[in-house]
Amino acid sequence: EAAAADAGVRAVVLRGANGVFCAGGSMGNFQERLKSGEAQGGADPIAAHNRRFGDFMIALARLPKVLVAVVEGAAMGGGFGLACAADIALARKDAKFALSETTLGLVPAQIAPFVVARIGLVDFVADDATALEARLLAVLQGIARCAPGANAATKALLQECAEVELGPILDRAAQAFARQMRSEGAEGVAAFRDKRDAAWVEKVEHLPGGET
């Protein structure tokens, strides 16, 4: 708000520290939110907490200054969303972007509209046929690590983001986040903290058709 009101500020630079842009949410915070229980007649506490981040994302995207993101290292989950809210995004060659939420059984709820607005035509570029097959296998392996319910909810949310009004979308997204937090998300966060695979993880060692 101070930057928006300051006539002397022409640009805002958003960056992390120590070679990392933003590694995403805190597992400890996620587990603490699970202890809040179900909503009892009022607002769902998990959804309400998630929705507040959406208000921050809207304010960031609508900042009346040029917003420049400088991405070094990891830009995961919410960090990916922060980069997508920028007018200009710069990345070091070792930068890694990922919507990592579904590997935890969660939904990239409040960042989804901003990711949709910025997303590119292709996600990977392969140098040759061999590299293309290797990338395909890696993609399938990545999908196999994601919770299927979280993937389905994420796809539905992303497809809805062509709507103009962000508020109603982010409200529904917060509810989807809360549902996932209490279902697949509980297992995903526990598995992350225990340094083990989540219950839904499958091994993918070959491409369809038997190719390695």
message: Can you tell me how far apart SG (C84) and CZ (F97) are? Round to the nearest 0.5 Å.
response: 8.0 Å

statement: Here the gap from R51 atom CZ to D171 atom CG, rounded to the nearest 0.5 Å, amounts to 4.5 Å

- request: Decide if atom CZ of F53 counts as having more than 12 heavy atoms of other residues, nucleotides or ligands within a radius under 6.0 Å.
  value: yes

- prompt: For the side chain of Q141 and the backbone of V204, is there at least one donor-acceptor N/O pair under 3.5 Å apart?
  reply: yes

- request: Please report the shortest heavy-atom distance between A89 and A83, naming the atom on each side.
  value: CB-O, 4.2 Å

message: So V68 and V12, do their side chains get closer than 4.5 Å, heavy atoms only?
response: no

message: Quick check: closest heavy atoms across A178 and I46, and the distance to 0.1 Å?
response: CA-CG2, 3.7 Å

message: Any heavy-atom pair between the side chains of I58 and L60 that's under 4.5 Å?
response: no

message: Could you report the tightest heavy-atom contact between F114 and A61, atom names first, then the distance?
response: CE2-CB, 3.6 Å

query: Hey, are D44 and Q175 close enough side-chain-wise for a donor-acceptor pair under 3.5 Å?
result: no

- prompt: Quick one: CD1 on I111 to CG on L170, what's the gap to the nearest 0.5 Å?
  reply: 11.0 Å

query: Does K65 NZ have over 12 foreign heavy atoms under 6.0 Å away?
result: yes

Side-chain donor/acceptor of D87 to backbone N/O of L67, under 3.5 Å: yes

message: With side-chain contact (heavy atoms from CB on, under 4.5 Å) as the criterion, how do V70 and L14 come out once you've worked through the C-alpha distance, each side chain's angles and the decisive distance to 0.1 Å?
response: CA-CA 6 Å; V70 180; L14 184 66; over 6 Å; no

Close side-chain approach of L137 and E205, heavy atoms under 4.5 Å: no

- prompt: Between E72 and K96, is the closest basic N to carboxylate O distance under 4.0 Å?
  reply: no

task: I would like to know whether L104 and L106 meet side-chain contact (heavy atoms from CB on, under 4.5 Å); could you show each step before the answer?
output: CA-CA 5 Å; L104 298 171; L106 300 174; 4.2 Å; yes

message: Would you compute the distance between atom OG1 of T154 and atom CG of L99 and round it to the nearest 0.5 angstrom?
response: 7.5 Å

message: Within this structure, what is the CD-CE distance for the pair E101 and M181, rounded to the nearest 0.5 Å?
response: 10.5 Å

Salt bridge (charged side-chain N to carboxylate O under 4.0 Å, His left out) contacts in which one or both residues fall within residues 135-145, not counting sequence neighbours: R145-D197

query: Do V115 and M76 sit in the same hydrophobic cluster, where Ile, Leu, Val, Met, Phe, Trp and Tyr count as joined when their side-chain heavy atoms come under 4.5 Å apart?
result: no

query: Hey, does the side chain of E160 reach the backbone of I169 with a donor-acceptor pair shorter than 3.5 angstrom?
result: no

task: Looking only at non-hydrogen atoms, find the nearest pair between P148 and W200 and report the distance.
output: CD-CB, 3.9 Å

query: Do L90 and V71 come within less than 4.5 Å of each other through their side chains, counting heavy atoms only?
result: no

query: Does one hydrophobic cluster hold both V189 and V201, with members joined at side-chain heavy-atom distances below 4.5 Å?
result: no

field: Distance in Å, F21 CZ paired with R92 CZ, rounded so as to fall on 0.5 Å steps
entry: 12.5 Å

field: Closest approach of M57 to G81 (non-hydrogen atoms, all atoms of both residues)
entry: CE-O, 3.2 Å

task: Could I get the full list of side chain to side chain contact (heavy atoms under 4.5 Å, CB included) partners for A150, not counting sequence neighbours?
output: T102, A147, Q180, E184

message: Looking at R10, I want to see if its CZ is surrounded by more than 12 non-hydrogen atoms of other residues, nucleotides or ligands under 6.0 Å.
response: no

L82 and F56, any side-chain heavy atoms less than 4.5 Å apart: yes

- prompt: Is a donor on one side and an acceptor on the other found under 3.5 Å between the side chain of D128 and the backbone of T130?
  reply: yes

- prompt: So do the side chains of F177 and L157 get within less than 4.5 Å of each other, counting heavy atoms only?
  reply: no

task: Quick one: list whatever passes side chain to side chain contact (heavy atoms under 4.5 Å, CB included) with D6, sequence neighbours left out.
output: V9

query: Taking all non-hydrogen atoms of both residues, which atom of A174 and which atom of A47 are closest, and how far apart?
result: CB-O, 3.2 Å

